[in-house]
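So you know, we letter chains A, B, ... as the sequences are listed, proteins then strands, and number each from 1. Since this is a predicted model, take the numbers as computed values, not measurements.
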Amino acid sequence: MDSETKFVIKGGRVVDPANGIDEITDVYIEDGMIARIGGKKNYQDRTLIDAAGKLVFPGLVDIHVHLREPGREDAETIESGSLAAVRGGVTSVCCMPNTHPPIDNAPMVRFIYDRGSEAYCRVYPIAAISKGLEGKELSEMFDLAIAGAVGFSDDGRPVTSSQLLRNALLYSKMIDLPIMLHEEDLDLSAGRHMHEGHASGLAGMQAVPAVAEAGMIARDIMLASFLDAKVHICHVSAKESVGIIRDAKEKGVKVTAEAAVHHLILTDEDVVKSGFDSNYKMNPPLRAKDDVEVLRAALVDGTIDAIVTDHAPHPPEDKDCEFAVAPFGVVGLETSASLIYDKLVRTGIIDITRMVELMSTMPARLMDISAGTLSQGANADIMIFDPERKWTVDSSKFAGKSRNTPFEGWELTGKPVWTMVDGQIFFDELS
Amino acid sequence: MKEHLLGLDGWSGEEILEVLDHARTFRKVLDRDVKKLPTLKGITVANLFFENSTRTRMSFELAEKRLSADIINFSASTSSLKKGESLRDTVDNIWSMKVDMVVIRHVAVGSSHFIARRCKAVVINAGDGSHEHPTQALLDLYTIRERFESFEGLKVCLVGDALHSRVIRSNVLGLKALGAKITLCAPLTLLPFGVEQWGIDVTCDIEEAIAGANVVNVMRLQLERQTAGYIPSLREYSTYWGIHKGLIDLMDKDHIIMHPGPMNRGVEITQEVADSADSVILPQVTNGVAVRMAVLYLLSPRIGETQ
């Protein structure tokens, strides 16, 4: 019976930045944990996983997803979203609280864990900063933390009130969980649908300027600095934002930041080229080419700590309409690793180690969850990535419930092919 | 010839001139006693006006009637996009009625692109938000050409709310393709981002903009721009950007005055200028029918070829 709980992933290139490992070796798994990496070969009574020619990573950690349950189970459920995750090599997700009702009380946190216990990957709830995500009163942060919330966010909306944010930053210092901020000056952004730039000017589209994001980030970094509190900036998209965060980090402000896959690959020109296809509409919007370049450089210099998907499923009933009417958001869990590998690693912008750092090691540390490493005794959350596998994005084959991807039809090189969570194989396309 | 007319973006000067040449033929027809041609007999055109429009809708309808097309009209003055039937369902229904061509006016940028993706009918954009209004630009170009013949080096001054104006966007694209020298003039708050990269002259000084121009095309100032905070008052706009006789005197001797309508007399243009001998505002309306006839004719699916 040992072979059911004992595995050896044989002969793959194992990349684990947490332990400084990048070598062709074997990974031994026992009882849902990493038993050892390398060492004396012992393949007896173990299930052999042949990873020759493949990359072996700690399972990816996506700290910014929307699983839509409860409330919009037609768009996604915790189960369907977690299946999408493991097919993308993601073994831990942190889900945002803007569900209906929102995750703003302890029973809701327990509900997410309850549903997550039956899911394919690990699911960690992020709780609301403010009750009902209304930006007026603080949520019960101690209660939420004790119930297991891994962070706080009103994502989807900014914390407009400076006073509320000041209190949230102070109060959460007692709990030491990250405050994750969606940065948007609603005065500048209301009723606007794409990035304000050359493309929007030509298109005549009501557009939101980068300063709507960067201005709020500046305010929040100043608050964090003033209060000596930690802030995490969600889905940084504008070059101005990168500059502010970089400066703050240099000055020692406790700020961390994430970037979303689509902001690293697509631009506002793609919105126009698509004929204003709503699958190119998200918030923050796709920025200009120079923003993408600055954002990519920020991955390299460490200004950006983590890559996320901001997986935001919407059913076709909501998305299949004119651009201005469509809701913001795109799905990403099933394409993130391939896109980052094909567009950023294969092109030499970042190396494989940095990819794993940004998509597994660092996000796990930011949220302080047991993931992102292949250390001895760590959870056996592992993904195998085939760097040669060519495939075409076909949303009709997604395991997630929604199809709203801007990458439909893209031909990509490199694909997650095998995913293990807690010692169990949930996805296997190895052969 | 292109498949649809979603905008003048991507249209070459040659393609535009082809439309204008055909429009010239149709324009002559409009002066005949019998103005009807059998050209589009058997072709069904759906006019979908989701936004209020008087002259564009009438102009299209008349152009279609002059060409003997069968017409169905849909008008919905939907103040809210989300109310009522979705654009998708409306279009699916109209397409199911077996129409050949769709003319659409809609508040959303890209609405005509959306329809072109959804159905196989020929789509003509009659205005999508602040994006494009290609037939308006074509009729403006026709009217300019009627007077000046060549666009090369012609000085055209566009005045008004470029931020929200689909007429300006389409005019800039068309005039650039034909080699005109364009100056755009508006207060900074009504200029779109990146306008300095459009390859045209841009200024906020109306005297500088209009000096030596052959054409001034004056845009309507939507009255709600004041309440939205783009300008302090209509009075101030009128004082500093309104076109009056004194400014017309700065133009080249050989000049025309244009306005796509409807006019706010006394706001962006004085009555004296609008009704002056150099005004071609009413010929623009007549030419609009001929230009739309040309567009419909050139884009129409040929019955003989498809059956």
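Identified by a heavy-atom distance below 4.5 Å to chain A, the contributing residues of residues 111-122 of chain B are B:His113, B:Phe114, B:Arg117, B:Arg118, in residue-number order. Taking 4.5 Å as the heavy-atom cut-off, the residues of residues 158-166 of chain B that approach chain A are B:His164, ordered by number. Along residues 177-203 of chain B, the residues that come nearer than 4.5 angstrom to chain A, judged on non-hydrogen atoms, are B:Pro192, B:Phe193, B:Gly194, B:Gln197, B:Trp198 in order of number. Residues of residues 197-216 of chain A lying under 4.5 angstrom from chain B, judged on non-hydrogen atoms, are A:Gly197, A:His198, A:Gly201, A:Leu202, A:Ala203, A:Gly204, A:Met205, A:Gln206 by number.
Within a 6.0 Å sphere centred on NZ of B:Lys2, heavy atoms belonging to other residues, nucleotides or ligands number more than 12. Annotation: B:Glu224, atom CD; neighbour count of heavy atoms from other residues, nucleotides and ligands within 6.0 Å is above 12.
Using a 4.5 Å cut-off on side-chain heavy atoms (C-beta onward), A:Phe276 and B:Val109 make contact.
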